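Working notes, structure below.
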Amino acid sequence: MVSARSVAGQVFLLQLAVVVLLVAAMVVTLAVQARHQGTENARDKVLSVAEAFANSPGIVQALDSRDPSAVLQPFTERAQKRSGVDAIVVISTDGIRYTHPDPHRIGKHVVKGDPYRKAVRGTALTDSEVTPLGVSVFAEVPVFRPDGSVAGVVSPEIKVKKVNEAVAGQLPVLFGAAGGAVALVAGGSALIGRRLLRQTRGLGPAEMTRMYEHHDAVLHAVREGVLIVGGDGRLLLANDEARRLLELPADAEQRQITDLGLPPGAAELLSSGRTATDEVHLAGDRLLAVNVRPVEHYGGPVGSVATLRDTTELRTLAGRAEVARERLQLLYDAGVRIGTTLDVVRTAEELAEMVVPQFTDFVTVELLDPVLRGEEPAEASTEMRRTAVSGVRGDPPLYPVGELIRFASTNPIAAGAAGGHAVLESDLADSDGWRAQDPERARRVLEYGIHSLISVPLQARGVVLGMANFWRADASPPFGEEDLSLSEELARRAALCIDNARRYTREHTLAATLQRSLLPRTLPEQTAVEAAHRYLPAQAGAGGDWFDVIPLPGTRVALVVGDVVGHGLHAAATMGRLRTSVYNFSALDLAPDELLSHLDELVAHIDHDEADGQGVTGATCLYAIYDPVSGRCTVARSGHPGPALVDPDGTVTFPDVPVSPPLGLGGSLPFETAEFTVSEGSQLVLYTDGLIEDRDRDLDTGIEQLRTALADCVDRTPEATCQTVFATMLPERPRDDIALLVARTHLLDPARVADWEVPSDPAAVSRVRTDVTRQLETWGLDQVAFTTELIVSELVTNAIRYGTQPIRLRLLNDRNHLICEVADGSSTSPHLRQVATTDEGGRGLFLVAQFAQRWGTRYGACGKVIWTEQSLHDAAAEPGAGLGDNLLDLWTDTEL
């Protein structure tokens, strides 16, 4: 609240009183002005009414008529009403009234005053008079005859009372406006008073005077110099400390800064007005920290305020603090920049690079050979391999990188390795033990300018991994005792990173070795596809990606790509288990969806049995079967990216293959398959997600990039396609394994396929045997005719005896093998068994197994297929006649 005792309250009351007086004077002035203006308006009005009436038509004739009053009285009454005057009196030149508002006064003489006499003489005028009813304003205007003589006088009259009433009607508006002005000014004054109250904190004049006196005393008492400089460069104020620090003369104030004899740098700073923070300037034998801030004067040029502190005594402490800060920063940088990779050599190089030139001029790092291989040193050794060198110049005469150095026992480096502590040689020229290592090289090192050494062992978990050597040269000061702790801390941090990299290298080597041993080294021979592959481990190490090409019966082939999430030994071992399982399930000739169902169940059991919690959840797989006879491809996938298909004309598509959850997560959900026709010469491209996904691109972008890369691979071999895709898609630093399998499809010539419908009649066996022999002669396969007839006879006979319709026989000649397939509608499973001498049957399957290279059974939606495979290149000689006769005796007793 504004108090009358404060400066703000007194200012407010003074402003309010001045405003009230001004408003009152304004109101009185306006009222007087309004009254005067009203009287003047009344004079103008009566004069104009009199002039108009005196010059109206017929007025002269009326005055000269026999009875002027009878003619003029009605006329004046009407004019009086219309003009708003109180009376219009027409008077003769003799002073007789012809008209008057009061009829009793008509015909009577008027008082012949000076205005009337002037009017009779022909002068128009206005005047006022005081009557019992108040002040009236009237006019006297002569009426002229055509000859210029005066016929009479017209005298309108209006009372001033009416004028005052008009003025009184304006007074409320006037007073209202005055009151509003007072309120507005009072409100503004109150706001100004409140602002002034905040700024003066409610102090009165005497208190403010004391406050300014106190501030002035403080200004001159503080131990910091204060200068106020005007915008024109003149010194406006300087406290006692500023005068002492700058040795200012007594009359320094109001003089130009440049005329005070200040040091050039300080004078330039103070006169420029630019902002400065703790700029150090030399003034005599003092170091002054100067701070300058601009101050804008209202209506004047910009000035500045400067403060000065004597920092001479703090300079030494500041130098020590700066050294400590730099060393702390160096340790912080070491924690950030050393160990960014899990590579032993690179970690040693990072140590060498980050301390030059902040701490030393040259750095060399030696590591034991077992450490470089990822092994743990069995015992301490002074034989080390130089791993990293860094310096301010690139040609130091030190041992080069890669050199195997056996340090002499007298060398400080050997002493540090043996004792497990840092060794300081502040002057290498006086170190006989160091020079004894290699006198000639030591001489060249000293001539080069290197003069000081700290050698620190790189120890982790109590094991010495190598040595870090810090060298100083030329003008750098020699190392001192205070440098030992810093070098040891740097070496300690580097040693932990090197040990982590060593252990990772060991695990990475083991994982890579296991990975290579589990992946296929060569692809098996088969005629269905021409295949090529690529595998690239992630930067973090080998992982769980795998691929496979598995020949299947009937010239078919299975193409497999899988991925186990993660890296290292566990992922590689899990990949091996899954790849082996897929190979074994493929031997059962299962459909892709059935195989993935078995694999999903297997992964679920493995996850459940893992005792250490390292389950393999996250494994994915894509399994495709291609049949070169029909050109059909059947695909199923479990959480894996779908395949790409490159048609012979260059069109790249991604067939829509239903996706199922990753292996181990499917539960009871069935797997779905997709089946589509593949043109001969097309390329099936299978890959893992590491090829299309990366931190710099999403899945959709990767798919489009793969489409573009494959579009350029028309008429290329699968090997060239792999090369192109890797060159286009490969990330610079892959975070995940990448497996790629490209297979160009072939179709089996229809002329190399023969099939027959077999009726359920034992007599049909001989006809089928004859047809098979004839077909083999057409193909030029007479060398296998006997064994093929035997196999066909046994399989067809047992299909007729134990199977159901439809029964079909198919022969496939793929140049390398002859495949015989007998299909029937039954799902009974054949078994190979040992037959006793007295048994009448059971020898047929045994004979088939003896003469075929492979045989087996696969099941379909409508029965089974029993197949055999005979090699056409390594076929044995045809059996002799005696054996043939013995075998013919067994044909009728064969059963499956």
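Treat the numbers as computed from the prediction; the structure is a model and nothing was measured.
Taking every heavy atom of both residues into account, Val356 and Gly391 meet most closely at CG1-C, 3.8 Å. Taking both residues in full, the closest heavy atoms of Ala531 and Pro718 are given as C-CB, 4.2 Å, listed atom of the first, atom of the second, then distance. Pairing each heavy atom of Ala624 with each of Cys633, the nearest pair is CB-SG, 4.2 Å. For the residue pair Lys864 and Ile866, the shortest heavy atom distance occurs at CE-CD1, 4.0 Å. Nearest heavy-atom pair across Ser679 and Thr745 is O-OG1, 3.1 Å. For Ala334 against Leu490, the heavy-atom pair with the smallest separation is CB-CD2, 3.7 Å.
Taking the side chain as every heavy atom from C-beta outward, Arg386 and Ile405 approach each other to under 4.5 Å. At a threshold of 4.5 Å between non-hydrogen side-chain atoms, the residues Pro377 and Val464 do not count as touching. Taking the side chain as every heavy atom from C-beta outward, Ser581 and Leu599 approach each other to under 4.5 Å. Here the side chains of Leu331 and Arg493 are in contact, with some heavy-atom distance below 4.5 Å. A heavy-atom distance below 4.5 Å is not found between the side chains of Asp737 and Leu536. Looking at heavy atoms from C-beta onward, Asp369 lies in side-chain contact with Leu372 at the 4.5 angstrom threshold. Side-chain contact check for Cys713 versus Val646: every heavy-atom pair is 4.5 Å or farther apart. When side chains are defined from C-beta on, Leu622 counts as touching Pro643, because their heavy atoms get closer than 4.5 Å.
A distance-only check finds a donor-acceptor pair linking the side chain of Asp814 to the backbone of Asn816 [under 3.5 Å]. Side-chain atoms of Asp600 come within 3.5 Å of backbone atoms of Gly664 as a donor-acceptor pair (strictly under, hydrogens ignored). A distance-only check finds no donor-acceptor pair linking the side chain of Arg752 to the backbone of Asp749 [under 3.5 Å]. A donor-acceptor contact shorter than 3.5 Å is absent between the side chain of Thr728 and the backbone of Val725. Proximity of a side-chain donor or acceptor of Arg744 to a complementary backbone N or O of Ser682 within less than 3.5 Å is not detected. For the pair Glu488 (side chain) and Ala491 (backbone), a donor-acceptor distance under 3.5 Å is absent. Put simply, the side chain of Ser638 gets close to the backbone of Leu663: a donor and an acceptor are under 3.5 Å apart. Between the side chain of Tyr626 and the backbone N or O of His746, at least one donor-acceptor pair lies under 3.5 Å.
Side-chain N/O atoms of Arg854 and Thr868 include no donor and acceptor closer than 3.5 Å. No hydrogens or angles considered: nothing links the side chains of Thr634 and Tyr623 as a donor-acceptor pair under 3.5 Å.
In this structure, the ring of Phe547 has its center no less than 6.0 angstrom from the ring center of Tyr535.
Other residues, nucleotides and ligands contribute more than 12 heavy atoms inside 6.0 Å of the CG atom of Asp395.
Annotation: salt bridge (Lys or Arg N to Asp or Glu O under 4.0 Å) contacts of Arg346 (sequence neighbours excluded): Glu349, Glu350, Glu353. Arg503 pairs by the salt bridge (Lys or Arg N to Asp or Glu O under 4.0 Å) definition with nothing, not counting sequence neighbours. Listed by chain and residue number, nothing satisfies the salt bridge (Lys or Arg N to Asp or Glu O under 4.0 Å) test with Glu594 (two or more places apart in sequence, or in another chain). For Glu403, the side-chain hydrogen bond (donor to acceptor under 3.5 Å, both in side chains) criterion is met by no residue, not counting sequence neighbours. Applying the salt bridge (Lys or Arg N to Asp or Glu O under 4.0 Å) rule to Glu704 yields the partners Arg707; only residues at least two apart in sequence or on another chain are considered. Remark: Arg632 pairs with Glu675, Thr677 by the side-chain hydrogen bond (donor to acceptor under 3.5 Å, both in side chains) rule, at least two apart or across chains. Listed by chain and residue number, nothing satisfies the side-chain hydrogen bond (donor to acceptor under 3.5 Å, both in side chains) test with Asp700 (two or more places apart in sequence, or in another chain). Judged as a side-chain hydrogen bond (donor to acceptor under 3.5 Å, both in side chains), and not counting sequence neighbours, the contacts of Asp698 are Thr701.
Interatomic distance, CG of Asp548 versus CG of Leu578, reported as 12.0 Å (0.5 Å rounding). Note that CD1 of Ile498 and CG of Leu458 are 5.0 Å apart. Values are rounded to the nearest 0.5 Å. Within the model, atoms CG of Asn813 and CG of Leu748 stand 7.5 Å from one another, a figure rounded to the nearest 0.5 Å. Taken to the nearest 0.5 Å, the CZ atom of Arg556 stands 6.5 Å off from the CG atom of Asp627. If you take CE on Met729 and CG on Leu710, they are separated by 8.5 Å, rounding to the nearest 0.5 Å. Here Glu383 contributes atom CD and Leu368 contributes atom CG; the two are 9.0 Å apart, rounded to the nearest 0.5 Å.
Counting only residues at least two apart or on different chains, no salt bridge (charged side-chain N to carboxylate O under 4.0 Å, His left out) pair has a member in residues 720-729. For residues 524-536, the salt bridge (charged side-chain N to carboxylate O under 4.0 Å, His left out) pairs, not counting sequence neighbours, are Arg534-Glu719.
The pair Glu376-Arg461 counts as a salt bridge, with a side-chain nitrogen and a carboxylate oxygen less than 4.0 angstrom apart.
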Would you mind writing out the side-chain donor-acceptor pairs for residues 685-693 within the sub-3.5 Å range, not counting sequence neighbours?
{"residue": "Tyr687", "atom": "OH", "partner": "Gly642", "partner atom": "O", "Å": "2.9"}
{"residue": "Thr688", "atom": "OG1", "partner": "Asp545", "partner atom": "OD2", "Å": "2.9"}
{"residue": "Thr688", "atom": "OG1", "partner": "Ala739", "partner atom": "N", "Å": "3.0"}

Run the side-chain donor-acceptor check on residues 650-661: report pairs under 3.5 Å with partners two or more places apart or on a different chain.
{"residue": "Thr651", "atom": "OG1", "partner": "Asp649", "partner atom": "OD1", "Å": "3.1"}
{"residue": "Thr651", "atom": "OG1", "partner": "Asp649", "partner atom": "OD2", "Å": "3.4"}

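The side-chain contact (heavy atoms from CB on, under 4.5 Å) test with Leu465 singles out one residue from Asp499, Val344, Leu496, and that residue is Asp499.
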Carefully, step by step, assess Leu552 and Ile625 under the rule side-chain contact (heavy atoms from CB on, under 4.5 Å). CA-CA 9 Å; Leu552 297 177; Ile625 295 178; 3.9 Å; yes

Would you check, one step at a time, whether the test side-chain contact (heavy atoms from CB on, under 4.5 Å) holds for Thr857 with Val865? CA-CA 6 Å; Thr857 305; Val865 175; over 6 Å; no

Candidate pair Leu596 and Phe585, rule side-chain contact (heavy atoms from CB on, under 4.5 Å), full reasoning: CA-CA 9 Å; Leu596 289 183; Phe585 288 143; over 6 Å; no

May I have the step-by-step check of side-chain hydrogen bond (donor to acceptor under 3.5 Å, both in side chains) for Glu366 and Asn469, ending in yes or no? CA-CA 8 Å; Glu366 295 83 42; Asn469 307 304; 2.5 Å; yes

